[in-house]
2 protein chains.
Amino acid sequence: MSEPEKQFADFLRSKGLKFTPERREILRKIFATHEHFDVETLFEKLKKGGERISLATIYRLVPLLIESGMIRQATRCEGHVTYEHVFGHKLHYHLVCVRCGKIIEFRDEGIERLLMQVCDKYDFTVIDHRLGVRGICSACREE
Amino acid sequence: MSEPEKQFADFLRSKGLKFTPERREILRKIFATHEHFDVETLFEKLKKGGERISLATIYRLVPLLIESGMIRQATRCEGHVTYEHVFGHKLHYHLVCVRCGKIIEFRDEGIERLLMQVCDKYDFTVIDHRLGVRGICSACREE
DNA sequence: ATTTACCTGAGAATGATATTCAATTACACC
DNA sequence: GGTGTAATTGAATATCATTCTCAGGTAAAT
């Protein structure tokens, strides 16, 4: 059993929930790549892979994955909600190209440090934070 | 005519669109305070103010307001989309309390500077950016 | 074997947002 | 001040993602 599966199975067990074959398959598809995903395309992928897992099952799994800390909602782009891995994926920020949709991820410890100073100042306990930049990537600007 | 009205009227004219009484009323309600808003509560406010403006009209106006640069989508909180002023409102970031929903706004030029350096590095042209921190405010932590 | 709690798929329900349509209105031009 | 044209409106309807309901399944605990 892979690392993400182990962690999630533990989480489920700790809540008295079950690690069913359906849940395993969904989890596998999600962690098969490091890409962001949304429910609809995940469902399509599973269907193409020959699985007969219903949309409802995926929708029911997502909150559990979030609660377990495996994934989180990503920077929201145009309309639908997308998710990204937390497990095995360090904190990072996004540059999102509004033309081609490409997402560049980056880290910046200076920004992190400044941000924590601000939160201290306001006596604010951080759970999570995100930074997203919308703009145009160099490739699209060339055109 | 107030500043926001002037700017938006100009924008509409430049696109061959009209600054109707309905649009003026909606704009006034939006800019009557500096608070974030969502379509539903805006609709309620207008109704209480005796206006008979339909939801559809508001939904149709929002994209125009965004395109004109008057407002933008704010940090998305729980479910529904909220908007905030851009006009007359300096760049800022958010601390959002997940318990009480309070939003603390702050600025930090150090973060801005570091961010611009990153974008330079990736040769990325910035249109807009946002930084949101989810967490628990001091008042809620007391409890 | 029975109980109990959890899971599932299918389809119906929901709720926010978008669209259609016929009637109305604003503005440019006469 | 009329008039034509394109934009705008409200109401109702449609759409779309997401959630819920329900009627079986299933696995582990008793």
Side-chain angles (χ1 to χ4, degrees), chain A residues 5 8-30 36-47 49-68 71-74 76-83, chain B residues 1 5-6 8-30 36-68 71-83:
Chain A
E5 287 177 53
F8 189 54
D10 281 351
F11 167 80
L12 289 176
R13 216 168 303 127
S14 78
K15 309 224 5 157
L17 305 178
K18 292 162 190 165
F19 192 50
T20 63
E22 288 84 358
R23 289 177 174 177
R24 183 175 354 99
E25 268 322 304
I26 297 170
L27 192 65
R28 277 189 184 161
K29 267 285 182 292
I30 290 174
H36 293 206
F37 67 94
D38 61 56
V39 172
E40 194 58 32
T41 58
L42 182 56
F43 177 62
E44 293 305 327
K45 266 197 202 171
L46 285 162
K47 216 156 59 173
E51 303 296 331
R52 304 154 158 271
I53 291 173
S54 100
L55 254 183
T57 299
I58 302 175
Y59 274 111
R60 282 188 280 238
L61 188 57
V62 164
L64 291 172
L65 287 168
I66 291 174
E67 193 188 340
S68 74
I71 66 171
R72 63 170 196 169
Q73 230 182 269
R76 134 193 274 274
C77 358
E78 324 310 330
H80 59 304
V81 179
T82 64
Y83 303 93
Chain B
M1 193 149 73
E5 287 177 53
K6 233 178 280 177
F8 188 54
D10 282 350
F11 166 80
L12 289 176
R13 216 168 304 127
S14 78
K15 309 219 12 155
L17 305 177
K18 290 159 193 169
F19 192 52
T20 64
E22 289 85 358
R23 288 176 175 177
R24 182 171 357 96
E25 269 322 305
I26 297 171
L27 192 65
R28 278 189 184 161
K29 268 285 181 293
I30 291 174
H36 294 205
F37 66 95
D38 61 57
V39 171
E40 195 58 32
T41 58
L42 182 56
F43 177 62
E44 293 305 326
K45 267 198 203 168
L46 286 162
K47 215 156 59 174
K48 272 183 201 147
E51 303 294 332
R52 306 153 157 271
I53 291 172
S54 99
L55 254 184
T57 300
I58 303 175
Y59 274 112
R60 282 188 280 235
L61 189 57
V62 164
L64 291 172
L65 287 168
I66 291 174
E67 193 188 341
S68 74
I71 67 171
R72 63 169 194 170
Q73 232 182 266
T75 306
R76 134 192 273 273
C77 358
E78 321 314 327
H80 59 304
V81 179
T82 64
Y83 303 92

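The figures that follow rest on heavy atoms only: side chains count, while hydrogens, waters and symmetry mates do not. Letters go in sequence order (proteins before strands), and every chain restarts at 1.
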Measure the distance from CZ on B/R23 to C1' on C/dT24 and round it to the nearest whole Å.
14 Å
Among C/dT17, D/dA7, C/dA10, which nucleotide has an atom closest to any side-chain atom of B/L17?
D/dA7
Below 4.5 Å, heavy atoms only, C-beta onward: do A/I66 and A/Y83 meet side chain to side chain?
yes
Value in whole Å for how far the P atom of D/dC16 lies from CD of A/E40:
11 Å
Only residue of B/E22, B/R52, B/E51 satisfying side chain to side chain contact (heavy atoms under 4.5 Å, CB included) with B/L46 is B/E51
The residue, B/A56 or B/L12, whose nearest nucleotide of DNA chain D is more 5′ is B/L12
How long is the straight-line distance from OG1 of A/T82 back to CG of A/D38, given to the nearest 0.5 Å?
7.0 Å
Distance check needed: D/dT8 C1' versus B/E25 CD, whole Å only.
16 Å
A/I58 CD1 to C/dA10 C1': how many Å, rounded?
14 Å
Residue mapping more 5' on DNA chain C - nearest nucleotide basis, B/R60 or B/R13:
B/R60
Kindly say if B/Y59 contacts the phosphate of C/dT17, meaning a side-chain N or O under 4.0 Å from OP1 or OP2.
yes
Side-chain contact check for B/K18: nearest option of C/dC6, D/dA7, C/dT19 is D/dA7
Residues at least two apart in sequence or cross-chain that pass ring-ring contact (aromatic ring centres under 6.0 Å, His included) with A/F19, listed by chain then number, are none
How many whole angstroms separate atom CZ of B/R24 from atom C1' of C/dA26?
12 Å
Quickly work out the B/F19 CZ to C/dA26 P distance and round it to whole Å.
13 Å
From CZ of B/R52 over to C1' of D/dT8, roughly how many Å is that when rounded to an integer?
18 Å
Check the phosphate of C/dC6 against A/T20, side-chain N and O only, distance under 4.0 Å to OP1 or OP2. Yes or no?
no
Close side-chain approach of B/V81 and B/V39, heavy atoms under 4.5 Å
no
Please pick, from C/dT8, D/dT18, C/dT17, the nucleotide with the shortest atom-to-atom distance to any side-chain atom of A/E22.
C/dT8
If I take atom CG in residue A/D38 and atom P in nucleotide D/dC16, what distance separates them, rounded to the nearest angstrom?
15 Å
